[in-house]
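Predicted, not measured: the structure shown is a model, and the values here were computed from it. Letters A, B, ... mirror the listed sequences (proteins, then strands); counts begin at 1.
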2 protein chains.
Amino acid sequence: MSSSLIHVGIVEDNDEIRQTLALIIDGTPGYSCKMVFSNAEAAVEALRNSYVNVVLMDIELPGMTGIEAVKQLKPVAPDMDFLMLTIRQDDEAIFNSICAGATGYLVKDTPPTALLQAIQEVADGGAPMSTSIARKVIRSFHATTPSPLSSRETEILKLLCDGLNYRSIAQQLFLSAHTVKSHIKNIYKKLHVNSRAEAVGKALKDKLI
Amino acid sequence: MSSSLIHVGIVEDNDEIRQTLALIIDGTPGYSCKMVFSNAEAAVEALRNSYVNVVLMDIELPGMTGIEAVKQLKPVAPDMDFLMLTIRQDDEAIFNSICAGATGYLVKDTPPTALLQAIQEVADGGAPMSTSIARKVIRSFHATTPSPLSSRETEILKLLCDGLNYRSIAQQLFLSAHTVKSHIKNIYKKLHVNSRAEAVGKALKDKLI
DNA sequence: TCCAAAATCCCCCATCTGGGCGATAGCCCG
DNA sequence: CGGGCTATCGCCCAGATGGGGGATTTTGGA
């Protein structure tokens, strides 16, 4: 990995910081920094069809925030990685950035060696982050509410998520369609919903399945 | 945090490793290790109603695996944290463990200092892990397929996930119910589904909304 | 041991849904 | 300029769905 050139982009409104970062990166063999922007709007426009591998993105920017920029760029450039730049470790903002599509973050006073290493790690498919951020990410993985459903109901809910109707579910579980309907009615009661779509929505959002 | 006693549990079938871990932990001030098991079944049974804070769980166990044990314990003891024990860093197994409810992992030859530090970090709400694991976790956060839906369709899909029917969606968006139906039909075509439930399931699983 | 919950099955019916088919108008890209 | 996509509105109808009842048996925990 370290043999190929890493193309880095920078989006940072503070002139000094931006130029310093660019100098460090472009001055190091193996790193190239041609795409530099002082606002998110210009960056989104120019980066969408670029060959840039890793973007250092300031979170606080005039106009569009860095988080919003990532949200727009990630879908159109899925292979582009984003490292957010922050003054200090702000767990909430960083977590939101990650939800938006960022891979990790850097605090702005990171020494050059660590900066370059973080970029390298990201390019190599890693995601450098503190343990507290990692925990936040993991937590949002897991179910927060304990499921009120019985195992049979959970089983049926899974099949609902696949779009099966009464009959198909009944066949799959060797039940009568009446029974399936009965279970689904109970699921609705317990989840406080009254349609398949809402049940599926709640099930997946609350990680009940 | 470091002032209160951390109750640690161990589940590990290798006698030597298990006893070594227990000795290290129980021999350190601030750490207590009373719950020690050589198989997952006994651990699940005893830990479900225990006061243990952090469990060191071997992944490979005779009978039930450590991953399965976490899957069973996490729902009934949501405040209990799990650190998986592995011989070497196996990204796939570790990722599966995290999906099952684990917070992090340790390689078995971790030196005592780092071991205790990792336990402390977990007890303090962190999630120690390598950058490559972190990346895997983050990746499963993001949409993998670019959405084929128009913005209007996405808007309607969101409302479908909330369980709204034609009329309610129409009112919310100031449209005729006919138009809503029309959009939904197009959504079905694009997502290759043919019911609300399936559309919602696909939307949330593929992170289209 | 006894009760509550779960799991199974059944009926009725108003309403919702999905599929088929069609129409007009705007917009962008080639 | 024409074709494709989107957005908007419309009608018909068979079949699925949700809500309202009720019933029995098994299971599991207190």
*Asks:* Pick the nucleotide of DNA chain D nearest each of B/S151 and A/N165; which residue has the one closer to the 5' end?
*Replies:*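 Closer to the 5' end of DNA chain D: B/S151.
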*Asks:* Could you tell me the separation between the CD atom of B/E155 and the P atom of D/dT6, rounded to a whole number of Å?
*Replies:*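 Interatomic distance, CD of B/E155 to P of D/dT6: 15 Å.
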*Asks:* Hey, are the side chains of A/I25 and A/L56 touching, using non-hydrogen atoms and a 4.5 Å cut-off?
*Replies:*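 Touching, per the 4.5 Å side-chain cut-off.
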*Asks:* Let me know the distance between CZ of A/R152 and C1' of C/dA7, rounded to the nearest Å.
*Replies:*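 Checked: the CZ to C1' distance equals 8 Å.
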*Asks:* Check DNA chain D against residues 174-196 of chain B and give the residues with a non-hydrogen atom under 4.0 Å, in numerical order.
*Replies:*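 Going residue by residue through residues 174-196 of chain B, the ones with a heavy atom under 4.0 Å of DNA chain D turn out to be B/L175, B/S176, B/H178, B/T179, B/K181, B/S182, B/H183, B/K190.
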*Asks:* Looking at A/Y166, I'd like to know whether one of its side-chain N or O atoms comes within less than 4.0 Å of OP1 or OP2 on D/dG18.
*Replies:*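 The answer is yes; a side-chain N or O of A/Y166 sits under 4.0 Å from OP1 or OP2.
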*Asks:* Could you list by number each residue of residues 198-208 of chain A showing a heavy-atom separation from DNA chain D of less than 4.0 Å, or answer none if no residue does?
*Replies:*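 Residues of residues 198-208 of chain A that come under 4.0 Å of DNA chain D do not exist, since none gets that close.
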*Asks:* Would you kindly give the CG-to-P distance between B/L164 and C/dT15, to the nearest whole Å?
*Replies:*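 For the pair B/L164 CG and C/dT15 P, the rounded distance is 19 Å.
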*Asks:* Looking at B/R18 and B/D58, does any basic side-chain N land under 4.0 Å from a carboxylate oxygen?
*Replies:*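 Looking at B/R18 and B/D58, the cut-off is not met.
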*Asks:* Does atom CD (A/E68) have a neighbourhood of more than 12 heavy atoms from anything else shown, all under 6.0 Å?
*Replies:*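 It does: A/E68 CD has more than 12 such atoms within range.
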*Asks:* Do B/L159 and B/L173 come within less than 4.5 Å of each other through their side chains, counting heavy atoms only?
*Replies:*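 In short, these two side chains touch, coming nearer than 4.5 Å.
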*Asks:* For a 4.5 angstrom cut-off between non-hydrogen side-chain atoms, does B/V180 reach B/R167?
*Replies:*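 Sidechains of B/R167 and B/V180: no contact.
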*Asks:* So do the side chains of A/H7 and A/M35 get within less than 4.5 Å of each other, counting heavy atoms only?
*Replies:*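 Side-chain contact under 4.5 Å: no.
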*Asks:* Rounded off to whole Å, could you give me the CG-to-P distance for the A/L173 and C/dC9 pair?
*Replies:*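 My rounded result for the distance is 11 Å.
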*Asks:* Is the shortest heavy-atom distance from the side chain of B/L191 to the side chain of B/L149 under 4.5 Å?
*Replies:*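 Result yes, sub-4.5 Å side-chain heavy-atom pair found.
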*Asks:* Are B/D162 and A/K202 close enough for a salt bridge, meaning some N to O gap below 4.0 Å?
*Replies:*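 So B/D162 does not pair with A/K202 through a salt bridge.
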*Asks:* In whole Å, what is the span from the CD1 atom of A/I156 to the C1' atom of D/dG18?
*Replies:*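 Atom-to-atom, A/I156 to D/dG18, this comes out as 15 Å.
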